[in-house]
Amino acid sequence: MESPRRAEPARDLDLLVWDAPNVDMTLSAILGSRPASSDRPRFDAIARWFLAGAGDHEVEGCVFTNVQPTAAVSLRGWIEALRSFGYAVFARPKLHPEDDVDDAMLEHIAERAATHRLRRLVVASGDGRNFLGPLEELHRAGVRCVVLSFAEVAGYAQESPHIEFVDLEDVPGAFQVSLGRTRLSALPPGGGWFRPTRSMRALLEEPHPAPAPDAEVAAARPAPADDDAAGSAPDAAPDAAPDAGAGGAQPGPAAPHPPAPGEVGRVPFPGPPPSRLRAG
């Protein structure tokens with residue numbers, strides 16, 4: 001009679017789950033348009049970053065996506081590329097608006113937490129409604145929880161004391177070009193420049209709006225004396241778009257003055273500003 005086999009000890013696991021619909025929607029909102037192929041994150045670079053923090057743990061990367069019936073053919077190549085980088089892919093048909101992948105992601109995380117010693121969990125999603133509670137619960141169970149997303153949408157991860165946050169654009173090599181975001185939380189110590197989003201001369205091509213009554217009154221008032229004006233810079237408009245440009249990034253006197261405005265932390269470019277600045 002054979003002796004019963006001993007149960008194998010649970011293995012240490014680092015798990016990455018990627019919410020493709022959420023990341024794609026967020027990227028579109030940041031860019032203001034549908035992302036081009038050069039605007040999308042490089043999954044090979046994401047995998048290298050993930051592996052660098054895994055040590056000798058077992059690793060698993062999973063991408064969860066919806067498939068529109070009309071996009072099945074075009075997504076095939078993308079899914080095959082993901083598999084060649086070592087990712088497993090969960091694909092669900094998008095037949096109804098409620099056909100999302102969040103529940104499948106949570107089920108997979110729970111399954112891996114039951115079969116392995118989950119050491120690190122990286123969730124690429126800005127969806128705090130679905131992931132905040134489960135991630136904080138896993139943290140209390142001893143799991144290191146990391147959210148990989150964009151700072152503009154992942155407030156739940158940045159505000160939670162139990163979750164680490166990594167901005168996707170801070171992953172080395174994740175993007176071929178800069179996304180052109182206005183990231184005031186990532187300024188270099190010496191200050192930095194934000195390039196204009198369009199030419200100033202474009203203003204001459206627009207019809208000149210009639211001034212509002214309040215503006216007419218203000219224009220008729222004499223300019224304040226230097227002593228009155230010191231330290232009284234107007235507050236930024238609360239409804240300004242995040243990428244409204246350089247209005248909120250006035251450099252101090254210690255900041256170096258480049259020959260032309262460039263993006264923060266990048267080499268200034270000569271001539272008219274490009275619509276995208278290739279990452280250095």
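A quick note: this is a predicted structure, and the numbers were derived from the prediction, not measured.
The OG atom of S149 lies 8.5 Å from the CD atom of Q158; values are rounded to the nearest 0.5 Å. The CD1 atom of I46 lies 5.5 Å from the CG atom of L148; values are rounded to the nearest 0.5 Å.
Applying the ring pair (Phe, Tyr, Trp, His ring centres under 6.0 Å) rule to H139 yields the partners H162; only residues at least two apart in sequence or on another chain are considered. Take P35 and apply the side-chain contact (heavy atoms from CB on, under 4.5 Å) test, not counting sequence neighbours, and it matches D24, L27, S28, L31, D39, R40.
Residues D127 and N22 bring no donor and acceptor atom of their side chains to less than 3.5 Å of each other. Judged by distance alone, the side chains of S160 and E136 do bring a donor and an acceptor atom under 3.5 Å apart.
With contacts defined as side-chain heavy-atom distances shorter than 4.5 Å, the pair E169/P41 does not qualify.
With a 4.5 Å cut-off between side-chain heavy atoms of Ile, Leu, Val, Met, Phe, Trp and Tyr, the cluster of V73 takes in none. Taking a 4.5 Å side-chain heavy-atom cut-off between Ile, Leu, Val, Met, Phe, Trp and Tyr, the cluster of V147 extends to L13, L15, V17, F64, F90, V101, M105, L106, I109, L118, L121, V123, F131, L132, L135, L138, V143, Y156, I163, F165.
Note on residues 63-82: pairs passing salt bridge (charged side-chain N to carboxylate O under 4.0 Å, His left out), not counting sequence neighbours, are E80-R83.
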Donor-acceptor pairs under 3.5 angstrom involving side-chain atoms of residues 54-61: please list them, not counting sequence neighbours.
from	atom 1	to	atom 2	distance (Å)
H57	ND1	D14	OD1	2.8
E58	OE1	R11	NE	3.4
E58	OE1	R11	NH1	3.4
E60	OE1	R112	NE	2.6
E60	OE2	H108	NE2	3.3
E60	OE2	R112	NH2	3.2

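Between D12 and R120, none of the side-chain N atoms (NZ, or NE/NH1/NH2) sits under 4.0 Å from a carboxylate O, so this pair counts as no salt bridge.
Test F175, Y87, F50, F85 against F43 for ring pair (Phe, Tyr, Trp, His ring centres under 6.0 Å) and you get one pass: Y87.
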Next on the checklist: I'd like to know whether T65 forms a side chain to side chain contact (heavy atoms under 4.5 Å, CB included) with K94, so could you lay out the CA-CA distance, the side-chain angles of the two residues, the decisive distance to 0.1 Å, and finally the verdict.
Outcome noted: CA-CA 9 Å; T65 188; K94 186 75 171 179; over 6 Å; no
Checklist entry - Given the rule in the side chain to side chain contact (heavy atoms under 4.5 Å, CB included) test, do W18 and V122 qualify, once you have shown the distances and angles that lead to the verdict? => result CA-CA 8 Å; W18 184 283; V122 179; over 6 Å; no
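Residue A174 comes nearest to L168 through the heavy atom pair CB-O, 3.7 Å, listed as atom of the first residue, atom of the second, then distance. Across all non-hydrogen atoms, the minimal contact from V23 to A124 is CG2-O, 3.7 Å.
Using modelled atom types, no side-chain atom of R119 and backbone atom of R144 make a donor-acceptor pair closer than 3.5 Å.
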